[in-house]
Amino acid sequence: MIFKKMATSLALLALGGGSMSAAAAVSCADSWQATQVYTGGQSVVLKGNTYRAKWWTLGDSPLNNSAAGQVWELLSVCSLTTTPSITPQATPTVSPTVIPTTPMPSPSAKPTLTPSPTNSPTPSPITTPTAAPTNSPKPSVTPTATPTPINTPTPIPTLSPSPTPTTPSNSGCAAAWDAAIAYTAGAKVQRGGVNYQSKWWTQGEDPALNSGDAKPWQKLDICSSSATPTPSATPVASVTPKPSTTPSVTPTPSPVLTPVPTVTPAPSPSASPSALDHLMINEVAADPTGQGSWFEIYNPTSQAISLNDVSVRIQSKPLNALSTYALSGTIAAQSYVVVAANTEATASKKTAQTQYIGNYQDWPIWGADGSVELVRNNQTIDYVRFGSNATQPMSAAAWQGSPAAALSGTGSYALVRYYTQTSDNQGAADWRVVPFGTPGGRNDVDSDARDDDRDGIPTSAKKPGGTYAGLDLYAMGARAGRPTIMIQIDWMQSSNDEGIKPRKEALQMVRAAFNRKGIDLLMDVGQLYSPVLNAADFNMGSGKEVAYARCLSLYKSADCANAMDYKSDSMDVRRRLISHYMLMGSTQNSNGYGGSSGMGEINGNDFIVTLGLWGLTSSSGSELYKLINYQAGTIMHELGHNLGLFHGGDEGKNNKPNYLSVMNYEYQLNGVPSDPTDISERIYYRQNGLGHATPGKAANTYGVCELLDGPCSNRFVVDYSDGTSMPLNEWGLDEAKMIGRSVKTGAFADWNYNGIREGSVSRDVNDDGITDTNLNDYADWTHIQLAFNGSVYSVFRGATVAEPNSRQQVRLHHSEQEVSVETPPAFLNKK
């Protein structure tokens with residue numbers, strides 16, 4: 001079977017927010033930076049327009065992400081002539097002579113963004129009043145943000161207290177820390193009389209408990225609210241002292257010499273020099289099996305570029321000869337498009353991030369050796385050759401020297417231009433092989449990246465400051481040293497069917513089951529339970545409510561909506577290779593009746609939960625518990641299929657009473673018994689529902705709400721099996737031994753439900769029509785595969801192959817693969 005891919009990515013899609021038409025020109029905010037994190041409400045300027053962030057974002061260009069439902073909102077055109085944002089203060093209070101003495105004696109002499117474009121280097125330039133104030137809004141970036149110098153130039157000299165960020169004890173207190181506020185890097189707060197500064201994005205992490213190495217807060221100093229002012233102690237006098245620490249040669253550089261050098265962090269290939277002035281082949285994913293893979297195109301320019309006249313010249317499946325495939329659409333400025341091989345009769349849905357070439361008879365392939373060429377009007381736009389491939393580009397100058405390194409390794413490997421590269425040398429020096437592909441985002445995973453947690457996510461991306469395809473996974477809750485599963489959850493809109501909308505309590509139950517095993521389950525329902533990015537409340541910026549469909553299928557169907565179409569529209573391609581996709585919908589039955597609870601790919605990354613039309617409601621206490629518990633049991637069940645589990649663990653045999661797992665129909669909706677030393681009640685409940693009289697009950701009279709630890713209670717358990725039950729021989733069952741997990745005094749397994757303990761009973765206990773000699777339990781937790789797509793080892797088991805990365809094959813198009821075969825519960829058939 002072909003394994004499909006997820007991804008990846010943090011495009012932080014969410015609901016709402018249309019853009020506003022440009023109103024009157026307003027003064028310009030700071031320029032947008034691809035490497036800076038912005039939170040809801042922050043404004044930036046890009047290409048003369050002002051945009052405001054609706055929620056947390058990193059690397060999402062406002063130019064391409066300001067439509068309805070996207071992260072940026074277009075506010076207006078901004079006017080550089082109005083720059084002085086603080087103009088009225090035109091009275092030059094202190095003649096310009098003060099400025100020369102304060103030419104940014106900050107510790108770095110590089111005012112990263114000395115906005116005063118009014119350059120004129122002389123001390124008293126900008127004769128107009130505003131020149132001095134323009135320096136004020138930003139100077140506070142390095143020093144200790146004292147009383148934000150608004151009016152006079154005097155605040156600037158308050159640099160005197162020493163260039164180091166730490167201020168003396170008893171300095172002024174910053175604003176008190178608030179658990180509800182999201183703080184970005186550099187923010188200062190006060191907690192218990194001590195000032196702290198955040199190292200990266202954080203929310204709800206108490207500075208007093210989270211400061212130090214590898215923690216979000218840095219302790220600064222003891223503070224005193226009474227000492228806040230720190231008067232500009234002899235402001236001017238402090239100009240001469242300390243220049244030794246900072247004035248990068250003569251104070252004159254104050255103007256603009258190094259205005260926006262953002263030093264090296266050169267954000268992805270975006271802020272690159274003019275050398276990158278054409279479409280670039282930016283990444284080529286491995287295709288070790290010749291089943292078709294993907295490559296990525298990047299537009300480093302400041303203008304959108306049409307792809308309608310662009311084609312790809314590449315090896316193809318039939319004869320392994322060069323073929324040409326046409327592209328289409330437009331690639332926005334400083335954006336990426338992933339081009340994936342299609343091997344189906346019809347291609348997956350095209351989006352702004354992805355398009356597909358080829359079909360089931362003819363698709364592009366390559367192995368360790370290959371070449372990819374972008375062509376327009378029979379001229380090469382860009383080209384890469386790797387391994388031992390000797391293909392020549394259409395334009396001879398498009399490649400210099402020997403090929404790039406061979407693209408060997410598993411399907412998760414990729415040949416990339418690393419994101420810090422700012423020029424095109426048209427040769428092997430531009431390329432490196434990395435163990436993790438980053439489709440649709442910057443190539444920020446290096447050659448030595450590892451998957452130490454065996455979860456399919458590079459360890460480097462789960463550390464503070466690390467990213468994956470530009471996504472801040474650490475801010476989303478991923479942590480190095482903790483195996484991680486990520487799931488984007490979408491759900492269909494419904495005003496009257498509560499079974500479709502994810503309940504927070506159900507998500508908490510499933511998350512807790514994994515946490516008990518040391519696995520972080522990061523489920524993302526977007527802003528459903530939190531307006532800001534918050535892993536604890538299941539907001540990682542992407543899940544959302546989607547359009548209702550009367551019925552749903554996992555793949556293409558003539559009668560019902562296709563979950564993969566929803567995924568194409570909703571899921572950022574950057575998340576496809578590291579995240580599962582789950583869609584909660586109505587029913588899989590086209591006749592409008594409730595059907596099976598869901599369906600999931602085996603060893604895949606997609607699944608659906610279809611509890612619509614089950615009559616689930618929160619109208620009473622017991623009904624609310626049933627709603628929550630049915631959702632929890634089904635989510636964990638279908639996710640289990642993605643993790644490689646079957647209804648019998650490693651086999652399809654269902655309803656095995658000794659297999660205490662939510663994968664088992666016996667326990668998915670009824671709950672795993674919290675006390676396996678007495679299971680007669682479970683035996684009676686099952687047989688009664690199958691139409692047999694049991695001790696004290698006529699047939700079909702045992703209600704689900706009477707079941708101990710059942711779905712109508714708050715004692716419901718969702719869990720996978722640990723495999724410790726003994727095998728059952730259905731030809732000779734010893735009722736006194738039960739299932740081998742010890743026995744409560746006086747209890748026995750009444751397999752033939754006659755109320756008598758017997759030493760040897762012959763009974764088909766899972767009612768599958770076969771009398772087995774060995775009905776086995778299975779150690780689910782030991783065998784689950786966190787890295788989908790055919791990983792070689794489990795997170796709890798030693799590797800059988802020494803690989804720095806656990807994924808085997810990477811595919812981005814939606815191809816049908818092995819799925820679980822589900823049947824509706826018996827009680828639905830009785831309605």
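None of these values were measured; they are calculated from a predicted model.
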Residue pair Ile784, Ile519: steps toward the side chain to side chain contact (heavy atoms under 4.5 Å, CB included) verdict: CA-CA 11 Å; Ile784 58 173; Ile519 299 172; 4.0 Å; yes

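- Nearest heavy atom pair, residue Pro483 against residue Gly518, reads CD-O, 3.4 Å.
- Ile578 contributes atom CD1, which lies 13.0 Å from atom OG of Ser412 (distance to the nearest 0.5 angstrom).
- When each of Lys188, Gln190, Arg191, Glu205 is tested with Trp177 by the rule side chain to side chain contact (heavy atoms under 4.5 Å, CB included), just one qualifies, namely Arg191.
- With no hydrogens or angles considered, a side-chain donor-acceptor pair links Asp719 and Trp781 at under 3.5 Å.
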Verdict with supporting geometry, Leu507 and Ile489, side chain to side chain contact (heavy atoms under 4.5 Å, CB included): CA-CA 10 Å; Leu507 303 182; Ile489 300 175; 4.0 Å; yes

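- Using a 4.5 Å heavy-atom cutoff, the side chains of Asp537 and Lys504 are in contact.
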Ser579 and Met540: CA distance, side-chain angles, deciding distance, side chain to side chain contact (heavy atoms under 4.5 Å, CB included) verdict: CA-CA 12 Å; Ser579 178; Met540 288 158 22; over 6 Å; no

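- Among the candidates Asp446, Asp453, Asp448, Asp452, the single residue satisfying the salt bridge (Lys or Arg N to Asp or Glu O under 4.0 Å) test with Arg450 is Asp452.
- Across all non-hydrogen atoms, the minimal contact from Met663 to Gly640 is SD-CA, 3.7 Å.
- For the residue pair Asp520 / Thr484, no side-chain donor-acceptor distance below 3.5 Å is found, with atom types taken as modelled.
- Proximity of Tyr196 to Asn210: side-chain heavy atoms (C-beta onward) are nowhere separated by under 4.5 Å.
- Shown here for Tyr581 and Met571, the closest heavy-atom pair between the two residues is CB-SD, 4.2 Å.
- Pairing each heavy atom of Tyr468 with each of Leu473, the nearest pair is CB-CD1, 3.9 Å.
- In summary, the side chains of Asp178 and Tyr183 do not present any donor paired with an acceptor at a separation below 3.5 Å, with no hydrogens or angles considered.
- If you look at Tyr720 and Phe514, their ring centroids are closer than 6.0 Å.
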Trace of the salt bridge (Lys or Arg N to Asp or Glu O under 4.0 Å) decision for Asp490 with Lys567: CA-CA 9 Å; Asp490 289 346; Lys567 178 180 176 181; over 6 Å; no

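- Ion pairing between a basic and an acidic side chain is recognised when a charged N comes within 4.0 Å of a carboxylate O; Asp455 and Lys462 show such pairing.
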Leu528 vs Phe538, side chain to side chain contact (heavy atoms under 4.5 Å, CB included): CA-CA, chis, key distance, verdict: CA-CA 8 Å; Leu528 180 60; Phe538 308 102; over 6 Å; no

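- The two residues Leu522 and Met476 make their nearest non-hydrogen contact at CD1-O, 3.8 Å.
- Counted by atom type alone, Thr467 and Arg442 present one or more donor-acceptor pairs between their side chains at under 3.5 Å.
- Between Met582 and Met584 there is a side-chain heavy-atom pair separated by less than 4.5 Å.
- Side chain of Asp709 to backbone of Ser674: a donor-acceptor contact under 3.5 angstrom is found.
- A side-chain N or O of Asn195 and one of Asp221 form a donor-acceptor pair less than 3.5 Å apart.
- For the pair Val434 and Phe436, the minimum side-chain heavy-atom distance is 4.5 Å or more.
- The two residues Leu75 and Ser43 come nearest to each other via the heavy atoms CD1-OG, 4.1 Å.
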